[in-house]
2 protein chains.
Amino acid sequence: MVKRARTLASLAAELGVSRTTVSNAYNQPDQLSAALREKILAAAAARGYPGPDPMARSMRTRRVGAIGVLLTEHLSYAFEDVASVDFLAGMAEATYGTDSAVTLIPAGPDARDDASTLVGRAVVDGFVVYSVASGDAHLAAAQARHLPVVLCDQPSDTDLPFVGIDDRAAIRPAARALLEAGHRRIGILSIRLTRLRRDGFVPAADVDGADLHVQRGRVLGALDEFTAAGIDPGQVPIVTRHINDQPSCVDAARELLTTHPDLTAVLCTTDSMAFGVLDYAAATGRTVPADLSVTGFDGVRYALHRGLSTVIQPNKAKGAAAGRMLQELIDARVTDTEPSLDVPRRILRTTYHAGSTVAPPRN
Amino acid sequence: MVKRARTLASLAAELGVSRTTVSNAYNQPDQLSAALREKILAAAAARGYPGPDPMARSMRTRRVGAIGVLLTEHLSYAFEDVASVDFLAGMAEATYGTDSAVTLIPAGPDARDDASTLVGRAVVDGFVVYSVASGDAHLAAAQARHLPVVLCDQPSDTDLPFVGIDDRAAIRPAARALLEAGHRRIGILSIRLTRLRRDGFVPAADVDGADLHVQRGRVLGALDEFTAAGIDPGQVPIVTRHINDQPSCVDAARELLTTHPDLTAVLCTTDSMAFGVLDYAAATGRTVPADLSVTGFDGVRYALHRGLSTVIQPNKAKGAAAGRMLQELIDARVTDTEPSLDVPRRILRTTYHAGSTVAPPRN
DNA sequence: CTGTTAGCGCCTTCAG
DNA sequence: CTGAAGGCGCTAACAG
């Protein structure tokens, strides 16, 4: 059993070379002879020296080799949600080949004073902040770190680098499909528009001030289209739910359709909501689309499988774009003396999937 | 605009207190007066000091606040595979409330010399190694780091902390169900048993030496049960495929059933394989289970949905157990002078789901 | 409750 | 191609 070298310095001492030389053996192979390098690496292996300590290295180089993703929801929810799993897959893809890993940072809604400790303490080179409300404390904490930050989806009104879709424009084809089929009495179902819980009807006038920009954009986009078709947006019933599990969505459909039995169509801002409508319709004996037209948003696999008329957004591509953008910002920071002044902003395309849940109204 | 304090020391200097005091304001609130603490925190906020630098802190405390997960496959595959997504969800759950994040470390099969750099450079407190072949280079690299390592699923024959199921025992109820229904001519379909690609028939005698312990265990468990029922394991046809996508699985079913048309049942070591059999049976006009009985393994959602007779394993619980076990090892390392000598080993329970794809053979 | 003293292990000049 | 020196920013231990 050979003595154990636990640091670069001790290994250097044992071999009778300088620390630099050992360091170079790992990091700058062209700075020493191949023979010496081999000898050093072999000696290291023999003594169980695992190579330069990553922490010390990071401290010195100011580079970690990890990018953080802030997922606001309880982290294990993120793995149950198809969209965020796809997003993570995209980020993983973006880092493939890079010398960076992805660090998942749970940033739950628990408003402990130190809710931001995880992001404050995370050992990463930058953050991707995935879909949080404007004014989110974790986002603020990430910015406070003075590291590159890329925002994904929301908030959409900051000066930070951004990757997302144009929700307001993206939903219009769905609204248009309903209008073109001849619908005039259309209700809207949306997931929460604000961080604060508020289930039930929301006046159209309140939508503008909502702090969850994604849902706000979708509702506004639909209203834009309705308005353009001569429908008074103030007369469009809008129902929201804070949680988007199946029972909530069905209940939202019930609330909307029992209070407004004259509706011939429901536009939903998420596929989950649309499923709620489909389920409620089935439970109450209505046929879709003969008795009721429905549109969704997101284009999750199950929606396409079920033939839902919906808007497909590229979740994986978003993840990849966000990952790459952050990586570029990190690299630029090392290279440039002065960071470039234009903030990257990438808007990805969406597509409307016609599906089979829109048809002309019965009467 | 106030001067910017970029380090703890500079902030301390500007405030005329010692660095310790500032450090304590962040880390040991009970070591100074609330008033002073407030004053320090306020001054920090005013100057944009983001708090103690995480890298320097980690370097000093030898603690990062992140645990690494090694997923051998190309990382974005991991997000397409239900089992590994559930596993990650479990890990996320285990770290919830802990001051640890999860770092995903892609450890693709690219056997570059430095394939292990990511794991060699990862700034983490320990590793969970998820389902790799025995002798995997990334596992070796993780061990070389002298950090706590927890193995999940495989390899199962090391002295490392382990979380998994007893694959060999777990599959026996599926085999037994087929035997009890009266089947005697049963084929086996398995995903790759070795890292090296080898599609097609595998002699039962070769299974023992397979380096992918999970699949090996399942095949051996089935053979155990067959043997106990008086069937010569040497006569049981075993077909493998390296890749488990749908076409491969269907093709495996074709290969098995065309060469052995007398089989009345197929035992599969994964649900994906069983789907391949179901699809092939449907395509060739056989009814399951009337004409052919089929069992799977894993218990993915879709399998249960489809009524497959299969073994359900608790993927999320595995992730949670692995995460917690690693966390404990990390904490113990800080506390204990001498690490405890018994290596934790946790075997989780599986359940056989009867489903509806097993019935007595026709003749 | 506050301050002083020592490094943590490495990489990067810069000089041979 | 190699070596010596300095410091990255912080916290643990101890002493006031």
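All chains are named by letter (A, B, ...) in the order of the sequence lines, taking the proteins before the strands, and each is independently numbered beginning at 1.
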Report the distance from atom [atom1] of [X] to atom [atom2] of [N], rounded to the nearest whole Å.
X	N	atom1	atom2	result
B:N24	C:dG3	CG	C1'	11 Å
A:R63	C:dC10	CZ	C1'	17 Å
B:D30	C:dC1	CG	P	9 Å

Where does the chain A footprint on DNA chain D start and end, counting 5' to 3' with a 4.0 Å heavy-atom cut-off? D:dC1 to D:dG9
Taking side-chain contact (heavy atoms from CB on, under 4.5 Å) as the definition, give me every residue that meets it alongside [X], ordered by chain and number, with sequence neighbours left out.
X	answer
A:D159	none
A:A144	none
B:E328	none
B:R346	B:V163, B:A321, B:M325, B:L348

Can you pull every protein N or O that's under 3.5 Å from an N or O on nucleotides 5-9 of chain C?
from	atom 1	to	atom 2	distance (Å)
C:dA6	N6	B:R19	NH2	3.4
C:dG7	N2	B:R60	NH1	3.0

It should be established whether A:N27 places a side-chain nitrogen or oxygen under 4.0 Å from OP1 or OP2 of nucleotide C:dC11. yes
Establish, with yes or no, whether the OP1 or OP2 oxygen of C:dT4 is under 4.0 angstrom from a side-chain nitrogen or oxygen of B:S18. no
If the threshold is 4.0 Å, N to carboxylate O, is there a salt bridge linking A:D86 and A:K316? no
A:Y26 and A:Y49 aromatic ring geometry - parallel, tilted or perpendicular at 30°/60° bounds: perpendicular
Would you mind classifying the nucleic acid contact of A:S33 as base, sugar-phosphate or nothing, using non-hydrogen atoms under 4.0 angstrom? sugar-phosphate
Output all residues satisfying side-chain hydrogen bond (donor to acceptor under 3.5 Å, both in side chains) with [X], sequence neighbours left out; order by chain, then residue number.
X	answer
B:S58	none
A:Q327	A:S100
B:S18	B:T21
A:T98	none

Along DNA chain C (nearest heavy atom to each residue), the more 5'-positioned of A:S23 and B:V17: B:V17
Grab the N/O contacts between the protein and nucleotides 14-16 of chain C below 3.5 Å, and write none if there aren't any.
none

Qualifying residues under ring pair (Phe, Tyr, Trp, His ring centres under 6.0 Å), relative to B:F127, sequence neighbours excluded: none
